[in-house]
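Just so we're clear, the structure is a prediction, and the values are computed from it rather than from any experiment. Whatever order the structure lists them in is the order used to number ligands and atoms, beginning at 1.
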Amino acid sequence: MMISTFKALIPFLTLITACEALSSNAKHVCDELVRGLGPSTVVLPSDPRYANISTENWSQTTWKRPACIAVPSKALQVQQVVKTLVKKNVPFAIRSGGHSPNPLDASIDGTGVLISTGYLNVVTFDPVTKLASLGPGARWKEVYSVLDKHRVTVVGGRVLDVGVGGLLLGGGLSYLTDLYGMACDNIVSYQVVLANGDLVHATERSHRDLFWALKGGANNFGVVTEFKLKTYPIYLVWGSVRVFAATQTQAVLQAVQAYQSQPNKDLYANMVLNVVPTNYTVILTMVYLKPVEKPSAFRFFYHLTPLSEYSSIMPLSTLMSLFPAATLPRWTWWTLSFKPSGTLYTQMSNLLATSPEVKTIQHLTAGTMVGTVQPINQNVALAGRRANSVGGNVLGLEAVNQTWISLNAGWWDQKDDKKVHAAVFVLGRKIQRLVQPWAQIDYIFMNDANADQGVIGSYGRVNVLRLKLVKWAYDPLGAFSRLVKGGQKVPAL
Ligand SMILES: Cc1cc2nc3c(=O)[nH]c(=O)nc-3n(C[C@H](O)[C@H](O)[C@H](O)COP(=O)(O)OP(=O)(O)OC[C@H]3O[C@@H](n4cnc5c(N)ncnc54)[C@H](O)[C@@H]3O)c2cc1C
Ligand SMILES: *[C@@H]1O[C@H](CO)[C@@H](O)[C@H](O)[C@H]1NC(C)=O
Ligand SMILES: *[C@@H]1O[C@H](CO)[C@@H](O)[C@H](O)[C@H]1NC(C)=O
Ligand SMILES: *[C@@H]1O[C@H](CO)[C@@H](O)[C@H](O)[C@H]1NC(C)=O
Ligand SMILES: *[C@@H]1O[C@H](CO)[C@@H](O)[C@H](O)[C@H]1NC(C)=O
């Protein structure tokens with residue numbers, strides 16, 4: 001009896017010892033980092049800044065207690081940190097704006113070190129080259145406030161609080177996407193710290209394979225310390241936000257279908273629809289990238305009567321400021337891509353209105369479910385391929401009109417985590433069943449994907465093989481797979 005109990009405990013004892021060994025290894029490396037970089041660049045748990053950074057306020061589902069947090073403000077410091085962590089085999093996480101709600105994407109516990117790029121947040125615009133240079137730790141708010149002074153913009157985030165780094169490395173969906181492709185298609189240079197500590201510039205001319213791989217390749221290849229993006233002279237736009245009653249969901253979705261399938265859709269027109277069944281509303285956001293009132297591309301929506309409406313010609317960033325950061329403390333999300341049809345939209349609207357999973361979430365404290373409908377024009381894939389000479393991006397987008405739907409659930413209590421995750425999972429399965437097989441599109445949009453969705457695999461066999469080869473060339477020992485556990489991973493060759 002004694003012996004068998006003891007035996008049963010052995011795996012746990014070894015596990016505990018292994019964890020302790022890992023934690024103490026991480027602590028030693030933190031001390032080494034403090035000695036090398038100074039206490040202002042390495043935040044220990046005793047530092048007053050520690051709580052602030054480890055509880056970065058977007059989703060509490062990501063709050064962890066790393067052994068220490070490196071807060072580099074120069075690429076050289078990132079090189080030192082990465083070199084040390086890789087040499088000592090210490091796990092780490094990389095964070096820019098911290099807006100992924102997936103628990104490990106940009107967070108790590110006491111067995112590892114968090115690299116937070118929050119101080120690598122410089123944003124500049126060069127009026128001669130017309131390029132913008134963005135630090136990964138900047139928020140879109142800071143980006144647009146610099147660019148607005150020059151009346152230009154970039155293909156970037158639609159919500160001001162979100163970080164630059166994660167959004168750009170996941171592809172990036174923007175109000176300019178129908179027109180100019182994904183955000184990553186508009187990046188002309190990446191400054192990257194590789195696993196061996198080298199700092200390289202990946203462009204169309206140098207490190208072309210890495211340049212390609214970073215266009216959707218997430219944190220698999222290095223820590224990006226600076227992005228250079230094309231800019232466009234877009235400043236004043238027509239924006240309209242309309243809130244409809246839930247009873248109008250069907251009608252609004254049929255208008256979305258008509259909008260998406262109109263011949264030669266005006267690429268300056270962009271929209272996103274948030275269906276919020278838990279709160280009995282539907283929120284339509286229309287953006288026209290020129291200062292033109294009521295453009296005809298949106299004519300399908302004008303006959304619908306909203307509960308409330310705000311429409312105006314305004315700077316694009318002002319429109320974005322109408323969407324404040326969500327106040328709910330816990331979030332998760334899930335996404336799917338499909339070829340839209342009137343029938344599918346009807347079925348989805350019925351599903352959201354009647355499914356018990358939505359009710360489950362609705363009954364939790366502050367429980368909210370948002371189904372976000374994002375129309376993507378066939379031009380997005382074409383613009384990506386046209387954008388550069390290295391063969392576009394890694395995403396494997398099909399040149400067809402499509403919709404990227406995401407389910408976003410917000411709630412209050414940690415004790416409800418399991419219930420919400422289960423509900424979102426089941427609801428996702430139900431949507432997938434409606435869509436399959438005739439309308440499904442393989443591509444899964446990383447920036448809206450749950451950690452348990454296989455994003456990299458969705459890029460297609462050839463792209464995955466190419467990514468593995470680039471990985472082999474730039475991270476042969478697989479440091480960014482072995483040590484950086486969070487995020488979507490390129491499989492080993
Ligand atoms: C309110 C809200 C609105 C959103 N709107 C949009 C939108 O309009 N368009 C869109 O495309 N997405 C949008 N998203 C999704 C968003 O792009 C992702 O959440 C993205 O991960 C956020 O980037 P971040 O830097 O804040 O995230 P983080 O959580 O800091 O990082 C996300 C991932 O990227 C990796 N990473 C971050 N920085 C680096 C770096 N410098 N080097 C290497 N790897 C790095 C991290 O390791 C992590 O795996 C939105 C999210 C929220 C919460
Ligand atoms: C914590 O973060 C907030 C928001 O970024 C900042 O205003 C505040 O100064 C920080 N506090 C400390 C102690 O660093
Ligand atoms: C985030 O929220 C927590 C708890 O509400 C608070 O203690 C912390 O200071 C906040 N951090 C920031 C950066 O605002
Ligand atoms: C896709 O959108 C374009 C407009 O950009 C339109 O011309 C085309 O007919 C649409 N295709 C389908 C199948 O709806
Ligand atoms: C929906 O309702 C919940 C519960 O009342 C609330 O906490 C949440 O903020 C609402 N969400 C939206 C998007 O209005």
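For the residue pair Asp442 and Ser458, no side-chain donor N or O sits within less than 3.5 Å of a side-chain acceptor on the partner. Between the side chains of Thr335 and Gln453, no donor-acceptor pair is found at a separation under 3.5 Å.
Just one residue in the list Gln257, Gln260, Gln374 forms a side-chain hydrogen bond (donor to acceptor under 3.5 Å, both in side chains) with Thr403, and that residue is Gln260. Of the residues listed (Tyr345, Phe298, Tyr302), the one engaging Tyr259 in a ring pair (Phe, Tyr, Trp, His ring centres under 6.0 Å) is Phe298, and it is the only one.
Note on residues 92-119: pairs passing salt bridge (Lys or Arg N to Asp or Glu O under 4.0 Å), not counting sequence neighbours, are Glu56-Arg95. Within the structure, salt bridge (Lys or Arg N to Asp or Glu O under 4.0 Å) pairs that include any residue of residues 328-341 comprise Arg330-Asp417 (at least two apart or interchain).
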Report every pair formed by an N or O atom of ligand 4 and a protein N or O atom separated by less than 3.5 Å, giving atom names and the distance to 0.1 Å.
residue  : atom   : partner : partner atom : Å
ligand 4 : 2 (O)  : Asn401  : OD1          : 3.0
ligand 4 : 2 (O)  : Asn401  : ND2          : 2.5
ligand 4 : 5 (O)  : Lys265  : N            : 3.3
ligand 4 : 5 (O)  : Asn377  : ND2          : 3.0
ligand 4 : 7 (O)  : Asn264  : N            : 2.9
ligand 4 : 11 (N) : Asn401  : ND2          : 2.7
ligand 4 : 14 (O) : Asn401  : ND2          : 3.4

Distances under 3.5 Å, N/O of ligand 1 against N/O of the protein: list each pair and its distance.
residue  : atom   : partner : partner atom : Å
ligand 1 : 8 (O)  : Arg158  : N            : 3.1
ligand 1 : 8 (O)  : Arg158  : NE           : 2.7
ligand 1 : 8 (O)  : Arg158  : NH2          : 3.3
ligand 1 : 8 (O)  : Leu173  : O            : 3.4
ligand 1 : 9 (N)  : Leu173  : O            : 2.7
ligand 1 : 11 (O) : Leu173  : N            : 2.7
ligand 1 : 11 (O) : Asn447  : ND2          : 3.0
ligand 1 : 17 (O) : Asn447  : ND2          : 3.3
ligand 1 : 19 (O) : His99   : O            : 3.1
ligand 1 : 23 (O) : Leu167  : N            : 3.2
ligand 1 : 25 (O) : Gly97   : N            : 2.8
ligand 1 : 25 (O) : Gly166  : N            : 2.9
ligand 1 : 26 (O) : Gly97   : N            : 3.3
ligand 1 : 26 (O) : Gly98   : N            : 3.3
ligand 1 : 26 (O) : His99   : N            : 3.0
ligand 1 : 26 (O) : Gly163  : N            : 3.1
ligand 1 : 27 (O) : His99   : N            : 3.3
ligand 1 : 29 (O) : His99   : N            : 3.2
ligand 1 : 29 (O) : Ser100  : N            : 3.1
ligand 1 : 30 (O) : Ser96   : N            : 2.7
ligand 1 : 30 (O) : Gly97   : N            : 3.3
ligand 1 : 30 (O) : Gly98   : N            : 2.8
ligand 1 : 38 (N) : Ser96   : OG           : 2.7
ligand 1 : 41 (N) : Val224  : O            : 2.9
ligand 1 : 42 (N) : Val224  : N            : 3.0
ligand 1 : 47 (O) : Ile94   : O            : 2.7
ligand 1 : 47 (O) : Asp105  : O            : 3.2
ligand 1 : 47 (O) : Asn219  : ND2          : 2.9
ligand 1 : 49 (O) : Asp105  : O            : 2.9
ligand 1 : 49 (O) : Asn219  : ND2          : 3.4

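For the pair Arg482 and Asn89, the minimum side-chain heavy-atom distance is below 4.5 Å.
Under the 6.0 Å cut-off for aromatic ring centres, Phe480 and Phe92 qualify, their centroids lying closer than that.
Ring pair Tyr459/Tyr443 is parallel by interplanar angle, where below 30° counts as parallel and above 60° as perpendicular.
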